[in-house]
Each structure stands twice: as structure tokens, then as C-alpha cells.
Amino acid sequence: MTVALVLFTSDLRLHDHPPLRAALKAADEVVPLFVLDPGIHAAGFDAPNRRAFLADCLRDLDASLRRRGGRLVVRAGAVAREVGAVAAECGATEVHMAAGVTSYAHHREERLRERLGAGGVALRVHETVITAVAPGAVTPVGSDHFAVFTPYARRWDRERLREPLPAPGSVPVPDAVRGLPVPERAEVPGTSPGLPAGGETAGRDRFARWSRSGLSRYADRHDDLAGDGTSRLSPYLHFGALSPVEVVQRAREHGGPGADAFVRQVCWRDFHHQVLAARPEVSVKDYRTRHDRWRGEADAAEDIAAWREGRTGYPVVDAAMRQLSHEGWMHNRARLLVASFLTKTLYVDWRIGARHFLDLLVDGDVVNNQLNWQWVAGTGTDTRPHRVLNPLVQAKRFDPDGAYVRRWVPELSDLEGRAVHEPWRLPADRREALGYPAPLVDLADGLARFKRARGRE
Ligand code: FAD
């Protein structure tokens, strides 16, 4: 009997899973393994919302494997050591896994290669599992990555994607390998009350439903804050419960302007992956420095707390921050405007905002979070790095009737129409009765400070 091992990381699915397919082809039996890595905890990345969603993903994966005659083997500990131990226990000759892009993923791969190599076990790393197009597969002349989205998207669009693989019919797992109980969502304290259910089954279900009902209208609706017309697939893509290759291929089969606009967003995801793969240090350092001397916790503690807690006095900003804590998710337009408010209006370091997002977002990942924050802060790949999103203009444009604000800021729920965006215009007695804070900062003052800081007066 030959045995191969599949190490699952950010690819928690059975459909369109090249490492699993390759392992099943190479060996008679396969060990599907997930290692609960204390390094993720030490790095502060196992936020409760993601830990709970991960538990759902693992349980769903285990159930799907059991329906195919197998099961998921869960271990806990240093990844290279655990994988080496399981490989030795079952006599595996090869280990298959998805390629990652972060420095953490690179180090993990290096340690695995050393450990397994010492035992004569081959490590096979597969591309296009976590992204649709492999980072580095398309590059501009003279550079190892695209620094601007539009030319990247043009090239990305021309790449031929593989056909999505079906889920295997059976997965024979050797009896002898032992694992820990699969974690349960209920064991995780401190999650957001509106957190969605995780797992490949839930993700495929959502994608199927949304493809029927939302995809064709996506181009017109994706910026409508109250309409909530985006796919909400990000956590499933983050954990790999859905394959980006399959999502793009199916959307292209659907066709039309909605599908084109949606595929373009998935392309943004690949774009950020290829930037971070080439420049792993930009998870913490500016991609392009603007020589900012950001305000930090020491000099802006009250402003930062008000922003985090959704009490800045700007209703659309507060609505968005409260959606984040309630759902562990936030609409993209809202992410843009709250990030602009923190970095440009309050002139606070983008890393502080990014950290808060990572503490709560169920889809929070170093690649998309840090690079989107940098994009908004103007230290990233935006070709207009000094643009400032005015929260009032954004509110009137993307929440014209105020429904999004009324949904998330109950103090303002009696205010009708767009008046909800400017409670400071109410007569003093009504304003005081609301129990809602006055604006934290004057927008013109914030803009002037930012312009001064960037030398653009
Ligand atoms: P849809 O509009 O339905 O888009 C489909 C998919 O495309 C998304 O699921 C996502 O995987 C991808 N996508 C869409 N927009 C972007 C984008 N700008 N960058 C990269 N991928 C994109 N996305 C994350 O997945 N994780 C994060 O940690 C994250 N942090 C962000 C922080 C800030 C400050 C900003 C401005 C954006 C961030 N995004 C992040 C990108 C984007 O906001 C979310 O992917 C999107 O809101 C998820 O909702 P959806 O699935 O309904 O998206």
C-alpha cells in the first residue's frame, strides 16, 4: 500500500483541489491532514471570528471526507514536526500542499522541505489552489510583479485557467493514523453575533444562490451600501472553501456585465497576492513610502477608540464600524471610506486600522487587508495616492436614502431620508435628545492636516 499526505491550509475544500487530486493519483491511500498551528496564535492571527469560521470549515471538510470513506486528521503543534510525524506513522512518501504567498507560508514551506527531506519524503507544492492565476505567472517587462492593477488585469484576463476539478468520489484513509477531535465553533468565545456559517457546503450554496439572484445585477449594485448586493463570498475564498479558479470559470460561463465586474474583483485578489508574493515585507512596511509621520496610539488614542467603536459622529463611518463588530464583515465601499477616514481625515497610521480589521474580519487576511489598507492610505498601489474620500459625499452617493445608517445606528433610526447623514444640522434640543456624538473632527481641518503632512498645500 502506498500512502500520500495532503496538508490542508487555506484550501479547505474537496472540489477543485489539485493537491488532493495529485495525492490520490500518486498513492493507494491518502491522509487529509490539518494542523492547528500555535504559530498563528502567537502571531495574533487566530481572531475568534476566523477561528469559529475555521471550525465550521474543518467540520464540513471532515463530513465530506467521511461521505467518501475517509476522514480529516487534525493535529496540533509545529506544522513541520506534525507533518513529519504523520508521514512517518503512515509511511507516506510524498506530501502535497497549496503554495502560499506570505512570509509565514514561505517559512512554513522551507521548514517542511527540510524536515521531510531528512526523512526522504518529497514535498509537492501546487499553484492555482489559493489564487486563480499563480503569482509570478504574469509579469511586466523588467519586474517580478505588476505594481498597477489595470495592466495586470488586462494580462490576467488573457490567462487560460484550468478546468475546475470535480470532488473525488472516494478518499481512502489508512486506519492507523490518529488525530484530535475536529474543533467546534461553539468552543470559540467572543465571536460576532452575525457571523455567517463556514464550510465548503455553505460556500457552494451561497455561490449557487448568488449566481442565480445577484450576479447579473452586480455591476449596478455592488456599491450600494444598503442594497448589500455583493456576493459575501470573501470568507469562503479566504479559507479556500471555494476555489477562485472555479468561481471565475463559473462566473465567465454565466457571462454579462455583472459577471465581468465580479471577475474583476476576484482579479484584485490575485493582484494583491502577486504583490505580496514579490514583496512579503509590505504586510508591515509601506509599499511606497510617502514619508508620513502618522499619528499613533500615543497621540491619537481617543480618536482611534472612537473610530473602532463607531462613535466618530459621522453616521456612515459609525454604521460601517458597527457592522464590522456585529457581523465580522463589512461592505467594500464602507471599508474604503472608514479606512480613508482613519488614515487621511484623522491621519492615523494604516497599520492601526489594519490590525483592528484583522481582529474582527472573518475574511481578514494579510494579503488583501494590508494591501487594501495601503491602497487607501496612499502608500500602496493606488495611482492617486493623495485622494481623500469625504464621508459625507460618500454617504449621500452610496446610501442616498440613509437606510444603511439607520440599520446600524439605532440612535438615528427616527431620522428620515438623507437627513440621517448630518445629525449636526438638527436643532440643538433634538440633537441632544438623540444621544449621538458630535463630529470628532472638522472635515476641512482633517483635510488641511493631511495636505500639510503630504506637502501638498
Ligand atoms: P464581492 O464584491 O462579491 O467580490 C468578490 C470577491 O472578490 C470577494 O469575495 C473578494 O475575494 C474579492 N475582492 C473584492 N474586492 C477586493 C479587493 N479590493 N481586494 C481584494 N479582493 C477583493 N478582502 C478580503 O478578502 N480580506 C480582507 O482582509 C480585506 N480587507 C480589506 C480592507 C480594506 C481597507 C479594504 C478597502 C478592502 C478589503 N478587502 C478585503 C477587499 C474587499 O473589501 C472584500 O474582499 C469584499 O468587501 C468582500 O465582500 P464580497 O465577498 O461580497 O465581495
Side-chain angles (χ1 to χ4, degrees), residues 10 45 47 49-50 53 101-102 130-132 149 152-153 156 196 203 206-207 209-211 213-215 217-225 227-248 250-251 258-276 283 307 317 320-321 323-324 327-344 348 350-382 387 389 394 398:
S10 306
F45 286 128
N49 285 341
R50 288 195 298 283
F53 198 92
V101 299
T102 58
I130 283 165
T131 54
F149 176 71
Y152 174 75
W156 183 91
R206 172 173 281 281
F207 184 46
R209 268 185 290 121
W210 189 78
S211 300
S213 63
L215 186 55
R217 290 181 294 163
Y218 179 80
D220 303 325
R221 292 184 54 207
H222 69 100
D223 263 335
D224 172 5
L225 285 168
D228 207 0
T230 67
S231 69
R232 289 187 178 241
L233 292 175
S234 50
Y236 303 96
L237 285 163
H238 169 70
F239 284 95
L242 280 177
S243 145
V245 169
E246 185 174 0
V247 161
V248 170
R250 299 279 175 260
D260 290 348
F262 172 75
V263 167
R264 194 173 169 81
Q265 290 313 111
V266 183
C267 177
W268 268 106
R269 189 175 173 274
D270 274 13
F271 171 71
H272 292 316
H273 276 80
Q274 58 96 47
V275 173
L276 200 96
S283 63
W307 177 81
V317 172
M321 297 307 291
Q323 177 179 30
L324 174 63
E327 295 191 346
W329 184 88
M330 194 197 283
H331 191 286
N332 180 58
R333 175 54 51 186
R335 297 187 200 204
L336 289 166
L337 70 90
V338 301
S340 176
F341 187 81
L342 185 77
T343 56
K344 288 175 167 168
V348 167
W350 63 265
R351 280 157 282 245
I352 290 176
R355 179 73 255 171
H356 181 69
F357 268 34
L358 283 180
D359 287 344
L360 288 170
L361 278 177
V362 63
D363 63 23
D365 62 52
V366 167
V367 183
N368 293 306
N369 191 55
Q370 310 306 86
L371 287 170
N372 272 295
W373 268 95
Q374 292 227 42
W375 192 89
V376 179
T379 59
T381 59
D382 188 4
R387 78 171 102 187
L389 301 182
Q394 294 280 307
F398 300 113

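Whatever order the structure lists ligands and atoms in, that order sets their numbers, starting from 1.
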Show which atoms of ligand 1 fall inside a sub-4.0 Å distance from at least one heavy-atom site of [X].
| X | value |
| --- | --- |
| V266 | 7 (O) |
| L233 | 9 (O), 51 (O) |
| S231 | 1 (P), 3 (O), 5 (C), 50 (P), 51 (O), 52 (O) |
| G364 | 28 (O) |
| L237 | 9 (O), 11 (O) |
| F262 | 3 (O), 5 (C) |

Can you find an N or O of T230 that's nearer than 3.5 Å to an N or O of ligand 1? yes

Give yes or no for whether the N/O distance cutoff of 3.5 Å, strictly under, is met between N369 and ligand 1.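 It does: an N or O of N369 is found under 3.5 Å from an N or O of ligand 1.
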
Using the ring centroid of each side chain, check whether [X] and [Y] are separated by less than 6.0 Å.
| X | Y | value |
| --- | --- | --- |
| F271 | W156 | no |
| F262 | W210 | yes |
| W307 | F341 | no |
| Y236 | F207 | no |

Does ligand 1 have any atom sitting under 4.0 Å from a heavy atom of W375? no

What protein heavy atom sits nearest [atom], and how far away is it?
| atom | answer |
| --- | --- |
| atom 19 (N) of ligand 1 | N372 ND2, 3.0 Å |
| atom 2 (O) of ligand 1 | Y218 OH, 2.5 Å |
| atom 29 (C) of ligand 1 | R335 NH1, 3.3 Å |
| atom 50 (P) of ligand 1 | R232 N, 3.5 Å |
| atom 20 (C) of ligand 1 | N368 OD1, 3.2 Å |
| atom 43 (O) of ligand 1 | N332 OD1, 2.7 Å |
| atom 45 (O) of ligand 1 | S234 CB, 4.0 Å |
| atom 12 (C) of ligand 1 | Q265 O, 3.5 Å |

My understanding is that we take every heavy atom of each candidate and find the minimum distance to atom 11 (O) of ligand 1. Doing that for H272, Q370, R269, which one comes out nearest?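 Result: the heavy atom closest to atom 11 (O) of ligand 1 is in R269.
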
Look only at the side chain of H273 and the backbone of R269, and say whether a donor-acceptor pair between them is shorter than 3.5 Å. yes

D363 backbone acceptor or donor facing R50 side chain under 3.5 Å: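 Looks like no, no N/O pair under 3.5 Å.
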
Could you walk me through whether Y218 and D260 satisfy the side chain to side chain contact (heavy atoms under 4.5 Å, CB included) test, starting with their C-alpha distance in whole Å, then the side-chain angles of each, then the deciding distance to 0.1 Å, before giving a yes or no? CA-CA 9 Å; Y218 179 80; D260 290 348; over 6 Å; no

Identify whether NZ of Lys or CZ of Arg in R232 sits under 6.0 Å from the centre of the six-membered ring of W329 and within 45° of that ring's axis. yes

Would you say the side-chain atoms of Q370 and S283 include a donor-acceptor pair closer than 3.5 Å?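 No donor-acceptor contact under 3.5 Å links the two side chains.
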
Quick one: does ligand 1 sit under 4.0 Å from the side chain of L361, the backbone, both or neither, non-hydrogen atoms only?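 It is the side chain that gets close, since no backbone atom is under 4.0 Å.
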
Could you see which bit of W329 sits under 4.0 Å from ligand 1, with heavy atoms only: side chain, backbone, both or neither?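 It is the side chain that touches ligand 1; the backbone stays farther off.
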
What I'd like to find out is whether the side chain of H238 reaches to under 4.5 Å of the side chain of S10, using heavy atoms alone.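 When only atoms from C-beta onward are counted, S10 and H238 do not touch, as no gap falls below 4.5 Å.
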
Before accepting this row, confirm whether a basic side-chain N of the pair R355/D359 lies closer than 4.0 Å to the acidic partner's carboxylate O. yes

Salt bridge present between D224 and R217 (N-O < 4.0 angstrom): no

